[in-house]
Amino acid sequence: MIADDALLEWQEIHGRYYGIPQATVERAISGEQDLIADIDYKGVQAIRKIYPKNVITVFIQPPSLQTLIERMKARGDTEPEIGKRLMRVPTEMTFASECDYLIVNDDLDEAAEALYAVVIAERSRRKITKLIAQHASPPAPFSFEVATAVVNNGDVLARDSSATLPVEPVAQTEQPHEAALRSVQTHLGIPPRLDNLISPLPAAVGAIAPVGIEFNPHRGGDCVTMIYVYRLPQRITPPDGWRWTPQDEANLPHQVQHALAASPT
């Protein structure tokens, strides 16, 4: 692989050769995957020059030289090999301050949890970096929509086919009650008035509470339906595809029935 120039970097350490295959790294980067490379500081410096935006460095430090020596003995290293390894320690330790993270490998489980936390944190940071580059907002795990009941004297305007209420998604730049008024305008062609919305709570600054909500889990992201009641002061001729339906025959959410009972006029 050295002869074929198939390695991003390679080093001879303690008489052994180590290297990172370029194809493996390129595939991971293109597929937005994570790779963990257990390499020495010279290898880190080399690969960081090639991929300055893709490399996160974590310095793994033994709790003490005594522990390091005991671990090398436990894995079968000879004293000459250990001595050769220890000669590199001062130089390697100076590299710690150039890394992004430092983990002291005292307790193995705690060190593993720390490394896992680094991976999770960097995945989150990568998402934010991508959003900043795209000048975008993060995708919401849920969305809002409004269902608006338009009523007059015991009847409700509903679709001919299903006797259901008009539903409208809430745009990112508007309040739900504004979407309800827009729904009245869009579906029924009625110039909406804010004071015709029924609300069980006093109007807050810039917002009017719905009479109820429904939660609809979806695979692509959960949806919350805000339910509003719009009372028409005068009866109108229904547009095509709509009809006046008695409230007890319409497919009204129970929150609408309760709101109408509490505000009969």
Side-chain angles (χ1 to χ4, degrees), residues 1-134 136-141:
M1 296 184 76
I2 294 175
D4 294 337
D5 198 25
L7 298 174
L8 287 173
E9 65 85 28
W10 62 271
Q11 305 285 334
E12 181 185 358
I13 302 174
H14 308 316
R16 297 183 177 92
Y17 287 87
Y18 299 87
I20 298 179
Q22 181 173 351
T24 301
V25 175
E26 292 290 351
R27 282 196 302 268
I29 292 177
S30 62
E32 296 188 350
Q33 298 174 327
D34 297 312
L35 292 180
I36 297 179
D38 179 16
I39 56 181
D40 80 326
Y41 73 98
K42 291 183 179 179
V44 171
Q45 291 172 325
I47 197 171
R48 191 162 55 183
K49 288 181 180 179
I50 302 172
Y51 301 107
K53 296 182 180 180
N54 297 88
V55 174
I56 300 299
T57 54
V58 183
F59 192 90
I60 309 296
Q61 176 181 315
S64 67
L65 278 179
Q66 180 181 354
T67 302
L68 178 61
I69 293 171
E70 291 173 353
R71 289 174 179 175
M72 287 190 286
K73 286 183 177 180
R75 71 187 184 197
D77 292 351
T78 66
E79 289 199 3
E81 290 174 332
I82 294 173
K84 186 176 180 180
R85 172 72 179 86
L86 292 178
M87 292 172 62
R88 293 167 50 90
V89 170
T91 302
E92 291 176 344
M93 290 301 299
T94 61
F95 180 69
S97 61
E98 299 182 28
C99 295
D100 300 303
Y101 297 91
L102 171 66
I103 297 176
V104 178
N105 187 17
D106 187 2
D107 180 272
L108 180 59
D109 290 337
E110 291 182 4
E113 285 295 326
L115 181 59
Y116 180 70
V118 168
V119 174
I120 297 303
E122 286 300 323
R123 286 177 179 174
S124 178
R125 187 182 64 83
R126 189 165 62 204
K127 292 178 182 178
I128 292 296
T129 302
K130 183 183 293 185
L131 288 173
I132 293 173
Q134 296 172 346
S137 299

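All values below come from the heavy atoms of this structure, side chains included, with hydrogens, waters and symmetry mates left out.
Every pair tested for side-chain hydrogen bond (donor to acceptor under 3.5 Å, both in side chains) that includes a residue from residues 110-120 fails, sequence neighbours excluded, so the list is empty. Residue pairs satisfying the ring-ring contact (aromatic ring centres under 6.0 Å, His included) criterion with at least one member in residues 66-88, sequence neighbours excluded, are absent.
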Could you please spell out the steps behind the side-chain contact (heavy atoms from CB on, under 4.5 Å) verdict for N54 and V25? CA-CA 10 Å; N54 297 88; V25 175; over 6 Å; no
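Between F59 and C99, the shortest heavy-atom distance links the atoms CB-SG, 3.8 Å. Summarising the geometry of E81 relative to D77, their closest heavy-atom pair is OE1-CA, 3.4 Å, with the distance given to 0.1 Å. Counting all heavy atoms, side chain and backbone alike, N105 lies closest to R71 at O-NH2, 2.7 Å. Nearest approach of L8 to Y51, heavy atoms of both residues: CD1-CE1, 3.5 Å.
Atom CD of E32 sits about 10.0 Å away from atom NZ of K127, to the nearest 0.5 Å. The line from CE of M72 to CD of E79 is 10.5 Å long, rounded to the nearest 0.5 Å. In this structure, the separation between CG on L115 and CD1 on I103 is 5.0 Å, given to the nearest 0.5 Å. Here the CG-CD1 distance, from L86 to I69, works out to 5.0 Å after rounding to the nearest 0.5 Å. For the atom pair CZ (R126) and CG (D34), the distance works out to 4.5 Å, reported to the nearest 0.5 Å. Rounding to the nearest 0.5 angstrom, the gap separating the CZ atom in R123 from the CD1 atom in I128 is 15.5 Å.
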Using atom types as modelled, flag every donor-acceptor pair under 3.5 Å from a side chain in residues 35-47 to any protein atom, sequence neighbours excluded.
from : atom 1 : to  : atom 2 : distance (Å)
D40  : OD1    : G43 : N      : 3.1
D40  : OD2    : R88 : NH2    : 3.0

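Two residues are said to be in side-chain contact when any heavy atoms from C-beta on lie closer than 4.5 Å; M93 and Q61 meet this criterion.
The closest donor-acceptor contact from the side chain of T94 to the backbone of T91 lies under 3.5 Å. Listed for the E98 side chain is no donor-acceptor partner under 3.5 Å among the backbone atoms of F95. Panel note: side chain D100, backbone T57; a donor-acceptor pair is recorded below 3.5 Å.
Salt bridge R85/E92: present, at least one basic N to carboxylate O contact under 4.0 Å. Using a 4.0 Å cut-off between charged nitrogen and carboxylate oxygen, R125 and E122 count as a salt-bridge pair.
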